[in-house]
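Every chain is numbered from 1, with letters handed out A, B, ... down the list of sequences.
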Protein chains: 2
Amino acid sequence: MQQPEFELLSRHIMKRVQLTEEELDFMLSKFKLAKIKKRQFIVQPGFTAKFRNYVCSGAFRAYVVIDNGEDHTIQFAIEDWWITDYNSFFNNQPATMFVVALEDSVILQLSRENEDLLKQANHKYETFFRISAERAQAFHFRQLITNLTQPAEFRYESFLDRYPQIVNRVPQYALASYLGMTTEYLSKLRNKRTSKQ
Amino acid sequence: MQQPEFELLSRHIMKRVQLTEEELDFMLSKFKLAKIKKRQFIVQPGFTAKFRNYVCSGAFRAYVVIDNGEDHTIQFAIEDWWITDYNSFFNNQPATMFVVALEDSVILQLSRENEDLLKQANHKYETFFRISAERAQAFHFRQLITNLTQPAEFRYESFLDRYPQIVNRVPQYALASYLGMTTEYLSKLRNKRTSKQ
DNA sequence: CTAAAAAGTTGAACCAGATTAACTTTTTAG
DNA sequence: CTAAAAAGTTAATCTGGTTCAACTTTTTAG
């Protein structure tokens, strides 16, 4: 397991739980490396999301398409983030989201079966997934508060502050829908900002 | 442990993990019963949320207050729901939310220390908390999608459909801010609906 | 390298929902 | 039981953000 992709994931895991070398290797052995081309889908509505995906390099976007054809970005993921349709993955139901690569990417995939196997095999693995879910829970709470309490301009500026490394890697229409506004309006906000400074 | 409050929690737990009688009793022994009067706070900004709270009876509201004095409801909880400021509880940081009783209520409180102790004591307890967090994660995703993709009227109607038992127990201004609209606007929507039928 | 498609920009008209304010109804605390 | 406070209603006015449409720039696929 010397490949740099597995190195990254190892560090990610060991930051959260203390595993012995064998425990770590066993866990890593359940992940499958996949190279994903730009514009390729790793989750699609109608099919069950079979994997939880750890991004080693590249970038992804999760989005839903509603009746009138509009799409709404739900999540981005770059290096060291996880992405999937969790409703589908956890409940074994058909996905409602698309997850698509925004760049050529490398990911490590963990199937639901292997995840269940790990969770049962060792208390420490279970702890890892518990911590991941708790962090996601706290993250979504913060996000909900921002969406509910802040106007569009502030949401954009917060995103700039917090995720400067993402802003310039994703298409603007995707960012606009993530922030809950139209691409035209985001364009105006950007213009206003740059002419200000 | 024959009190009806503990009965309710027992069923809640056993639906998620299979515990022996002793395991269940040990887990329950870590919870502390508390009676909370209407308008009493169980979480307040500035203080760390020391407990995760299981609602046996009654109703609660979690909300944040922003600069201009407006308050925004983040979550409701009635019987068989959990509530706290998870950011504060998980990260041992001062809360940013209020959690207040909307009715005289009875809750079972689990401190962060006891929760950590349980998580370490037995793989099955850890599994229970992992499942809880995963469900919360999936729930928040669905909520995020609704907020991002649906107009105010639809959000209200969805809430009516999904939580008919909550609608008439919470003040309207609290529901309005939960749904991301003003109390005046919600009043109009309601009026429109009732005059329609 | 090139044509076509996709993404981003700009401005004018518009609207869902906010704001303000005056009022009515319900709840609460003595 | 009662006065005051809190919650909810209604209507007029206003605005942050959308929609539509025409245009420019960038990206993509041969």
A.B. asks: Atom CG of B:Leu175 to atom P of D:dT9: distance rounded to whole Å?
C.D. replies: 12 Å

A.B. asks: Got a sec, which residues hit side-chain contact (heavy atoms from CB on, under 4.5 Å) with A:Arg16, two or more places apart in sequence or on another chain?
C.D. replies: A:His12, A:Phe128, A:Ile131, A:Arg135

A.B. asks: I want to check one thing: is the phosphate of C:dT9, taken as OP1 and OP2, less than 4.0 Å away from some side-chain N or O of A:Asn191?
C.D. replies: no

A.B. asks: Please report, to 0.1 Å, the donor-acceptor pairs under 3.5 Å made by any side chain of residues 50-58 of chain A, with sequence neighbours excluded.
C.D. replies:
from    : atom 1 : to       : atom 2 : distance (Å)
A:Arg52 : NE     : A:Glu115 : OE1    : 2.7
A:Arg52 : NH2    : A:Glu115 : OE1    : 3.4
A:Arg52 : NH2    : A:Glu115 : OE2    : 2.9
A:Asn53 : OD1    : A:Gln109 : NE2    : 2.9
A:Asn53 : ND2    : A:Ile83  : O      : 3.0
A:Tyr54 : OH     : A:Leu8   : O      : 3.4
A:Tyr54 : OH     : A:Asp80  : OD1    : 2.6

A.B. asks: Listing request: all ring pair (Phe, Tyr, Trp, His ring centres under 6.0 Å) pairs with a residue in residues 130-149 of chain B, at least two apart in sequence or in separate chains.
C.D. replies: A:Tyr86-B:Phe141, A:His140-B:Phe141, A:Phe141-B:His140

A.B. asks: If you look only at distance, which donor and acceptor atoms sit under 3.5 Å apart when one is on a side chain in residues 32-43 of chain B and the other is two or more places apart or in another chain?
C.D. replies:
from    : atom 1 : to      : atom 2 : distance (Å)
B:Gln40 : OE1    : B:Lys37 : N      : 3.0

A.B. asks: Would you mind building the protein contact string for nucleotides 24-30 of chain C? One character per nucleotide, 5' to 3', B for base within reach (heavy atoms under 4.0 Å), S for sugar-phosphate only, - for untouched.
C.D. replies: ----SS-

A.B. asks: What is the per-nucleotide protein-contact pattern of nucleotides 15-21 of chain D, from the 5' end, where B denotes a base atom under 4.0 Å from a protein heavy atom, S denotes such proximity for sugar-phosphate atoms only, and - denotes neither?
C.D. replies: -SBBBB-

A.B. asks: Could you tell me which residues satisfy side chain to side chain donor-acceptor pair (under 3.5 Å) with B:Tyr178, sequence neighbours excluded, listed by chain and number?
C.D. replies: B:Gln143

A.B. asks: In chain order, what residues pass the salt bridge (Lys or Arg N to Asp or Glu O under 4.0 Å) check against A:Arg162, with sequence neighbours excluded?
C.D. replies: none

A.B. asks: A:Gln120: which residues meet the side chain to side chain donor-acceptor pair (under 3.5 Å) condition with it, sequence neighbours left out?
C.D. replies: none

A.B. asks: Mind listing the side-chain donor-acceptor pairs of residues 94-102 of chain B below 3.5 Å, one per line with the distance, residues two or more places apart or on another chain?
C.D. replies:
none

A.B. asks: Round to a whole Å and report the spacing from CG of A:Asn168 to P of C:dG8.
C.D. replies: 11 Å

A.B. asks: Can we say A:Lys188 and A:Glu184 salt-bridge, meaning some charged N sits less than 4.0 Å from an Asp/Glu carboxylate O?
C.D. replies: no

A.B. asks: Would you say a side-chain N or O of B:Gln172 is under 4.0 Å from OP1 or OP2 of D:dT9?
C.D. replies: yes

A.B. asks: May I ask you to list the residues sharing a hydrophobic cluster with A:Tyr173, side-chain cutoff 4.5 Å, ordered by chain and number?
C.D. replies: none

A.B. asks: Would you write out the dot-bracket form of DNA chain D, 5' to 3', with Watson-Crick and G-U pairs under 3.5 Å, [ ] for crossing pairs, | for pairs to other strands and . for unpaired bases?
C.D. replies: ||||||||||||||||||||||||||||||

